[in-house]
Amino acid sequence: MLYDTLIGPFIEFEFMRRALAGVVALSLAGAPIGVFLMLRRMSLVGDAMAHAILPGAAIGFLVSGLNLFAMTFGGLIAGFAVAILSGVVARTTELKEDASLATFYLVSLALGVTIVSMRGTNIDLLHVLFGNILALDDQTLLVIAFNATVTLLAMAVIYRPLVIECVDPLFLRTVSRAGAPTHLVFLALVVINLVNGFHALGTLLSVGLMILPAGVARFWSRDISGMIAVAVASAMLSGYAGLVLSYVTRVPSGPAIILVAAGLYVASVLFGNVGGLVRRLFPGRHLEA
Amino acid sequence: MTAQLTFKDVTLGYDRHPAVHHLSGEVAPGALLAVVGPNGAGKSTLFRGLVGLLRPLAGEIHIGKLRARDIAYLPQSADVDRSFPISVFDFAATGLWRSTGLLGGIGRKSQANVLAALAAVGLNGFERRAIGTLSGGQMQRLLFARVLLQDARVIVLDEPFNAIDAKTSADLLGLVKHWHAEGRTVLAALHDMDLVRAHFPETVLLAREPVAWGATAEVLTAENLLAARRMCEAFDDTAVPCATEHRPARAA
């Protein structure tokens, strides 16, 4: 029955409740970050950062096995190093951010692979690559919730300069020195949330819960706060529906969540009321003024 | 009267090539100063140096007791991402940064100020529109509203009336004169000599090097303008280091 499908699994199984809590926390923090990534035309930067984190997490795994803190720490270090170095290079030289980021994430990826191959162990990195949201333990859940809280607080502090830096960076530079620190804090939040996501969704898919809901939001709101609300809501909906889908069909849950988000995205591209395709094809009669 | 802004043998430029060469002069508080000169004369570079976006290659720019953020700056081609989803009201309100900072609220009084500033530039009724829907002239009006809200002692406008229709530039010129009447210092880079002669008491004529600085009627003479036009936009890749340590100021 409907109840058995939609609510039953979460009442019956604790791991489903944990997964739902995890994905809700990830949505709350990750979706707003994704909206800003999209508005700053940095969507692929998120993807690049995800790759940069991978070797850090792998090294953590090498050193101490499937240890939550070692892997988180390794990922954070690798991500921060790449984010900060590329940000510093972009701000102090003529090289644009995308080019310097590409350089640094390729270097960190190559470095990571080299280190792993030097050890010569055949490591099962599937967990790191695609996560396992159905196996979140208390500790992991707490780490996710902690990082999400930190993200939301930091976003509240940097929200205003972040918006101004997106709209008119030169203006921000003339009225305040907050521009560079804001940018670095934002990049740090990107890293934190990618690392946060990889326990549940893996390094490669964790960026999906940030970017796809942002894409959805663009089609439903013309206003930045509206976009953030829509993005958070659609991320949570994807998380919930993805878990249900994976429970019913036995599709792996991480990919199921991203696939549901992709479904929402396609529906938004078609039917969104801000620039959706259907709306463009049948715009109605033009107005008088 | 002591000067508010002082240029001491300032050279500004890019990659060691000077765009403004050995400029000296003073701007009194409350001055209404036009900066004129051909394209490439260094007007924008001078302003970038003044607001602290560009460090002088040599010489000094003193802004007295002011801090950099006490100078409101309207760049020539404002670097605004017009596709960003922000309303006209919110965009203008960013001009309040100096009073609100990172976390300060925008209270009822500030909201009234924003509405008044938008009304002053003729944008009432546009508050909820996204900035992407504005025309070029309306965007320039909005940028003026933001300058208005910055409530700065010194206002620097880089070619504010370019590509703006007559009605809009007349309205915005009215604001400039209003600022002057309030005792604020206004510097504006301009190309319209008639407008400068009619409304700006003081002028500096730049052609990479200062040609003349003083009362507008004495600066904008035929000889000076001709001299300015002759000093071509030389950017010599093989230029040798400038030997002049302290060239006597040609204009002061």
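Every chain is numbered from 1 and lettered A, B, ... according to where its sequence line falls, protein lines coming before strand lines.
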Asks: Less than 4.5 Å to any heavy atom of chain A: does that hold for the side chain of B:Ser87, its backbone, both, or neither?
Replies: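 For B:Ser87, no heavy atom lies under 4.5 Å from chain A.
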
Asks: Which of the residues A:Val167, A:Leu170, A:Ile164, A:Ile158 is involved in the greatest number of heavy-atom pairs with chain B at under 4.5 angstrom?
Replies: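 Result: the option with the highest number of such pairs is A:Val167.
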
Asks: Under a 4.5 Å cutoff for heavy-atom pairs, which residue among A:Gly226, A:Ala178, A:Ser176 has the most contacts with chain B?
Replies: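 So the answer, after comparing A:Gly226, A:Ala178, A:Ser176, is A:Ser176.
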
Asks: Could you walk me through whether B:Asn113 and B:Ser110 pass side chain to side chain donor-acceptor pair (under 3.5 Å), step by step?
Replies: CA-CA 5 Å; B:Asn113 286 344; B:Ser110 301; 5.1 Å; no

Asks: Can a salt bridge be assigned to the pair B:Asp81 and A:Arg41 using a cut-off of 4.0 Å between side-chain N and carboxylate O?
Replies: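 A salt bridge is present here (some side-chain N lies under 4.0 Å from a carboxylate O).
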
Asks: Using 4.0 Å as the upper bound for N to carboxylate O, is an ion pair formed by B:Arg98 and B:Asp70?
Replies: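 So B:Asp70 pairs with B:Arg98 through a salt bridge.
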
Asks: If we check side chain to side chain contact (heavy atoms under 4.5 Å, CB included) with A:Val269, which of these qualifies: A:Val216, A:Leu264, A:Leu277?
Replies: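 Result: among A:Val216, A:Leu264, A:Leu277, A:Leu277 is the only option passing the side chain to side chain contact (heavy atoms under 4.5 Å, CB included) with A:Val269.
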
Asks: Using a 4.5 angstrom heavy-atom cutoff, name the option from B:Ile131, B:Thr100, B:Asp90 with the most pairs to chain A.
Replies: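 Heavy-atom pairs under 4.5 Å are most numerous for B:Thr100.
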
Asks: Counting only non-hydrogen atoms closer than 4.5 Å, does A:Leu39 touch chain B with its backbone (N, CA, C, O), its side chain (CB onward), both, or neither?
Replies: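 Contact with chain B involves both backbone and side-chain atoms of A:Leu39.
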
Asks: Against chain B, label A:Arg218 side chain, backbone, both or neither, depending on which of its atoms sit under 4.5 Å from a heavy atom there.
Replies: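 The answer is the side chain of A:Arg218.
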
Asks: Side chain from CB out, backbone as N, CA, C, O: work out which of these in B:Arg67 comes under 4.5 Å of a heavy atom of chain A, or both, or neither.
Replies: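 Contact with chain A is absent: no heavy atom of B:Arg67 under 4.5 Å.
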
Asks: Of the listed residues (A:Met227, A:Arg177, A:Arg173, A:Arg160), which shares the most heavy-atom pairs with chain B below a 4.5 Å separation?
Replies: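 Winner by heavy-atom pair count: A:Arg160.
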
Asks: Can a salt bridge be assigned to the pair B:Asp158 and B:Lys43 using a cut-off of 4.0 Å between side-chain N and carboxylate O?
Replies: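 Result for this pair is no, no salt bridge flagged.
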
Asks: Would you check, one step at a time, whether the test side chain to side chain donor-acceptor pair (under 3.5 Å) holds for A:His183 with A:Arg40?
Replies: CA-CA 11 Å; A:His183 187 73; A:Arg40 302 178 75 139; 2.9 Å; yes

